[in-house]
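The structure appears right after this line, and notes come after that.
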Amino acid sequence: MSDMDATHEKRPLLDEGGSGSLSTNRSISEQARENGAGPAIASGLKISTHYKPKPVSEMSPQKLMVVLCILSTELCERLAYYSVVANLVLFCTSRLDFSSNDAATISLVFSGTTYLMPIIGGYIADAHIGMYNAIYGFALIYLLGLFLLPCSAIDYDQLFDDDQYGLSVTGRRTFYMVGLVLVSIGTGGIKANVGPFGAQQVQDLGPKAIQTFFNWFYWFVNAGALIAYVGVAAVQQNVSFAWGFFIPFLSMMLAIFFLLLSRKNYRYRTIKGSMMADSFVMCWQGCKRSFNRVPGAVSFFDKARNSYGGSFDDSTVDGVISVVRLLPIFAFVIMYWTIYSQMQSTFFIQGERMDLHIGGTQVPVAMLNAFNTIAIMLLIPCLDRVIYPSFQRINRPLSHLHRIGTGMILAALSMIAAAVVEIERKKHLGFEQVVGDETFYASNVTVFLQIPQFALVGASEAFTSISGLEFAYTQSPTSMQGVMMGVFMATSGLGSYFATALLKIVGVATADDPWFPDEINDGHAEYLFYLLSAMMGIFFLAFLVAAKFYKYKTVEADISIDQEHSSDESPPAQSRETNRENSDVTGF
């Protein structure tokens, strides 16, 4: 943001007489006298006035350009990421000599680590370098990781026409694993900040603009995923992994270009530090000081307030309380991400053993993920322009938690669909199919029978993931928005780790009659899918209870003077956003 923009952000947006700035410490008695108020009001009491920025009715061309640059950055970054995960299992089994179970574990651990990193990326941005610098710095780390991936896939003996330059399996594994680690770090730093940074650009347009931004932000995410699953996955499976990994490297370079393109026009916030460290200090003060020593304190965090002898003002404490109240909601979303992670692991392994041919052409196994992204891309405009406005018109708007819960139900249904497909698949085993460099005993059932399970996960994502991002952004204090976006994304990482642990537990518990052995033709994967569906149902019921008692961060009345009212009208009550929760506004 330019210096002029930074100056404007530091002063009230409602100017006296349409220009100039209004003093925030102006005496209420002076304003009351100007409006003909009686002596009861004109008592000389000093108060601070707070003005809510006026929503701008239209987006300027410059702001539109800024938003498009951020959305394009996200599209290219997601194209790069999903190009890496699209055939991760296949590359591990065909080129790195891992078993199917080990490859699934690597996929889940990679996804889990990638989505835990945003907590660190969000903290670094909030406390030290700001969102833009965090996105740029982590993008460079990301780029280095993507450079190492084609290095692990190139056949050097063919390239140099000399066997002495051949790379061993151990060498390939080293290049690949180090590359995955760097990609995880880079992705984590970007994911925590690019969404909030984009929302920050349209925040002055009002809450509706923020909701619309996150909807279209997610649309661009899935546009990148669609290109990766349909195009890049085909190159990896049918041409070579070396070229297939070089494409995401180029895509990430393009993402950095789009980020830098509008750097002079971005709106930047002053770095005020993160409340994360303060949160730990508050917890320490709450534990250290007993209620007997703090008369009047009614809650754990009251003991950290200045008014009770603590070290923090009410606003800071209320901000931490609002964050703590988000955590139970986030905890129940972990199971949702456990189901989501099946697309890159169990669904992929299932698809390898189904008929991949259309006519004489073999489609990539990862291409089925395209139906996940297509479902999202079709549903987002319908939700944004038709469904959500329709509920608002009948005075029954769908809250964030309504939408998150709807996605959970759809995710449970996707597991039932996967179980039905698995039962049908094993009834028709009948031919050997080569995928990459591996041969599988496959079913005559077409792989496109997986479309319903992928589409249901996609539809669930349009509800749970988008609403979760918006929920984390709007319900967090400004100084912790990066961290809380990271915490929400960490639920995805924890979901992947939980899926990994669940596979191991199921493997041990069903050793005599395995549900998910290395060769799933000999197991009962349908039981695993039914188990996941049942667990999602249980988590959903618990989520309903937590959502019922959640108190939204809302609007509280405040006294101020609207300069646009004529002098013969009484001053209207203005409102401001606070971190306090209204007990009458609950999740459901």
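Below, all heavy atoms of this structure are taken into account, side chains as well, without hydrogens, waters or symmetry copies.
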### Query
Does K63 use its side chain to pair, donor to acceptor, with the backbone of V202 at less than 3.5 Å?
no

### Task
Verify, without hydrogens or angle tests, whether S152 (side chain) and L149 (backbone) share a donor-acceptor contact under 3.5 angstrom.
yes

#### Entry: Residue from L108, N101, L503 passing side-chain contact (heavy atoms from CB on, under 4.5 Å) with S345
L108

Taking the side chain as everything from C-beta on, heavy atoms only, tell me whether [X] gets closer than 4.5 Å to [Y].
X: L326; Y: F488; value: no
X: L379; Y: E461; value: no
X: M489; Y: F330; value: no

Short side-chain donor-acceptor distance under 3.5 Å, [Y] and [X]:
X: Q344; Y: N369; result: yes
X: Q342; Y: T346; result: yes
X: Y266; Y: Q200; result: no

### Task
Check the pair Y115, S496 against side chain to side chain donor-acceptor pair (under 3.5 Å), reporting the backbone distance first and the verdict last.
CA-CA 9 Å; Y115 284 98; S496 294; over 6 Å; no

Go through the structure and list residues passing side-chain contact (heavy atoms from CB on, under 4.5 Å) with [X], not counting sequence neighbours.
X: S184; value: F110, T113, T114
X: L502; value: V506, L531, L532, M535
X: L254; value: C76, F257, F258

For [X], check side chain to side chain donor-acceptor pair (under 3.5 Å) against everything at least two apart and list the hits.
X: R173; result: none
X: Q453; result: Q350
X: S414; result: none

### H402 and F391 aromatic centres sub-6.0 Å
no

### Message
In terms of relative ring orientation, are Y388 and F463 parallel, tilted or perpendicular, with 30° and 60° separating the classes?
### Response
perpendicular

Can you list the residues that meet the ring-ring contact (aromatic ring centres under 6.0 Å, His included) rule with [X], with sequence neighbours excluded?
X: Y176; value: F91
X: Y229; value: Y82
X: F217; value: F213

### Task
Take atom CZ of F98 as the centre, draw a 6.0 Å sphere, and report whether it contains more than 12 heavy atoms from other residues, nucleotides or ligands.
yes

#### Entry: Partners meeting salt bridge (Lys or Arg N to Asp or Glu O under 4.0 Å) with K504 (sequence neighbours left out)
none

### Task
Only counting residues at least two apart or in another chain, list the ones meeting salt bridge (Lys or Arg N to Asp or Glu O under 4.0 Å) with E470.
R403

### Pairs flagged by side chain to side chain donor-acceptor pair (under 3.5 Å) wherever residues 484-495 is involved - sequence neighbours left out
W337-T491

### Query
So among F347, F371, F348, Y340, which one has a ring-ring contact (aromatic ring centres under 6.0 Å, His included) with F454?
F347

